[in-house]
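Below: one structure, written as structure tokens.
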Amino acid sequence: MTAYLLNLAQLAAIFGLLSVSLNILIGYGGIFSVAHAVFFGLGAYAGAHVALDLFPDLLLAALASALIAGLLSAALALPALRVRGEYFVIASLGLQMLATTVFTEAQAITGGLGGLVGIPPPTLFGFTLADPLVFLFCCLAFLALALALVRQLMRGSFGRALMALRDSEMAAEALGKNVALIKTLAVVLGTAFAGIAGALFAFQEEFVNVESFTLDQSVLILAMVIIGGAGTLSGPLIGTLLLLLLPAALTFIPFIPPTDIGAVQQLIYGFAMTLLMIFRPAGLAGRAMGRR
Amino acid sequence: MSALLSARGLTRHFGGINAVEAVDLDLAPGIITALVGPNGAGKTTLFNLITGHLAADAGVVELFGQKITGHAPHRIARMGLARSFQDLRLFARMSVRDNVLAATEPVSWFWQPGGVRAARERAARGAQALERTGLAPLARAEAADLAYAERKFLSLARILASGARIWLLDEPASGLDPASRARFTALLRAAVADGVTICLIEHNLDIVIELADRIVFLDQGRKLAEGAPESVLGDPRLAAIYFGERA
């Protein structure tokens, strides 16, 4: 039981990091991406390779993952960011589908459907982090770092510029904001943290394959941000806890047959999201309706 | 004195429509120029061509003696050209204070240069803009929650805080009640007294007469007349066009 709870807590920290990072794009930048799992995946593969081919140092893997996810996102984002709003959603959807295929087919790098197996436990400053509790604290430390950075940046001039272009690109430009540059910086920052989450995930699962980095995963991360409250600091964490713990909680309800849990979960998600968008469109942590 | 901003032969077509056709415009320093004309005359398009939000099919724009044709809007803005929008385009989900602070921050990077001292100077500039526009008590309110007149003043406060020397204002005083309008025009006059050059689009001829030193009359993308308010507004031919009695 303890092992199960520790595992769940590690996943919550990793997905918390993912949703906090996607919130930079969606919540503060209004950049609607449904390709966040791509950068989560890139980070996971990069981290897995560092661990398997070099040595399983947690910081080195995190750094490599952040660099690969961040730099590739810059290359991919630059052309895509020229299009606005709903067109970017479609562009990111295309990227997600493309990446799923590449992850499946590029067997030499990703191991294809079989994935990369036997990822050793991570080390930190030479010590092996075999204890799941210690690894949990590492995940929480990365989450705390991301939260602190987001909080600091969003209170400063970068956050103001990012939110300004979210609310009106044209007005932001007219006040001297380099919209393309600010968007690119936000995307690189957000995807770099998604990459780190991927590295943590690789160590946590000891195995990575394409199934963790599909459109379903991107939609799940998106739902965490939106249900919790996009553009707020605590919202993505609330959404993450809710969407991760719900399936776990359902398994404890005696009268639902285990085979039907998936269906019940989908029904609850569907209802919850619809009701939320009607009654609290800014998310659980967002501002309530009716003040406007 | 030579013009701070001068446009020569600005032209922009949308499909078969000549939105702006070979328009010359000079903004002389320290005066208010009003662009007047019926709907669809090309006034806002002319603004968009000058600020770089639209690419011109032909023509040249010079700002402070430098050619800015083809430059990105943010580069032109940083040279000291600010504009407002007919539909305001406030940063709706940001506080009033952040709307104004964003206008004072020139660099698009993770931080601004100049450290604490420069930050203090920017904050003071923002606070002063809020003070002058009467928005200081609402500094913490979200822009979306403001009343109509307050939004108009916030749009102006952003421009004030930007420190720009040339302002292009698109119907800045439309829909204001008489008291707010008087405050608004007083602010514009005070800015001009401080050396700001203003070009505004305005449909309300009372405001035009009250404020403008010079009028440029546009119709169907072409400049039909230019000169002192009394001579342009006194022309019966232009009045007929303006009030829709086309021959």
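Chain A is the first sequence line, chain B the second, and so forth, proteins listed ahead of strands; every chain is numbered from 1.
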Can A:Leu175 and B:Phe91 be said to form a side-chain contact (heavy atoms from CB on, under 4.5 Å), step by step? CA-CA 12 Å; A:Leu175 289 172; B:Phe91 305 132; 3.8 Å; yes
One should read off an interatomic distance between B:Asp87 CG and A:Met170 CE, to the nearest 0.5 angstrom, of 8.5 Å
Identify the heavy atoms of A:Asp167 and B:Leu90 that sit nearest to each other, and give their distance. CB-O, 4.2 Å
If I take atom OG from residue B:Ser95 and atom CZ from residue A:Arg160, how far apart are they, to the nearest 0.5 angstrom? 8.0 Å
Gap separating the OG atom of B:Ser108 from the CD1 atom of A:Ile182, nearest 0.5 angstrom: 4.0 Å
Chain B: which of A:Gly231, A:Ser168, A:Gly159 shares the most heavy-atom pairs with it under 4.5 Å? A:Ser168
At what distance, to the nearest 0.5 angstrom, does CG of A:Leu153 lie from CH2 of B:Trp111? 9.5 Å
Contact part of B:Leu81 toward chain A, heavy-atom cut-off under 4.5 Å: side chain, backbone, both or neither? backbone
Does B:Arg189 have more than 12 heavy atoms from other residues, nucleotides or ligands lying within 6.0 Å of its CZ? yes
Atom CZ of residue position B:Arg97 - does it have more than 12 heavy atoms of other residues, nucleotides or ligands inside 6.0 Å? no
To the nearest 0.5 Å, atom NE2 of B:His74 lies from atom NZ of A:Lys177 at 11.0 Å
Looking at B:Arg122, B:Met79, B:His53, B:Arg158, which one has more heavy-atom pairs under 4.5 Å with chain A than the rest? B:His53
What one should report as the nearest heavy-atom pair of A:Ala174 and B:Arg83 is CB-CG, 3.8 Å
Considering only heavy atoms, which portion of A:Ala161 lies under 4.5 Å from any heavy atom of chain B: side chain, backbone, both, or neither? neither
Is it the backbone or the side chain of B:Ala103 that comes under 4.5 Å from a heavy atom of chain A, or both, or neither? both
If you count the non-hydrogen atoms of other residues, nucleotides and ligands that lie under 6.0 Å from CZ in B:Phe14, is the total more than 12? yes
Taking CZ in B:Arg125 as the centre, count heavy atoms belonging to other residues, nucleotides or ligands within less than 6.0 Å. Is the count above 12? yes
A:Ser157 OG to B:Phe110 CZ distance, which is reported to the nearest 0.5 Å: 10.5 Å
Does atom CD of A:Glu86 have more than 12 heavy-atom neighbours from other groups under 6.0 Å away? yes
Looking only at atom types and distance, does a side-chain atom of B:Arg78 sit under 3.5 Å from a main-chain N or O of A:Gly176, one as donor and one as acceptor? yes
Shorter than 4.5 Å, heavy atoms on both sides: which option in A:Ala172, A:Ala180, A:Gly156 has the most such pairs with chain B? A:Ala172
Counting only heavy atoms not in B:Phe64 (residues, nucleotides, ligands), do more than 12 fall under 6.0 Å from its CZ? yes
More than 12 heavy atoms of other residues, nucleotides or ligands under 6.0 Å from CD of A:Gln152: yes or no? no
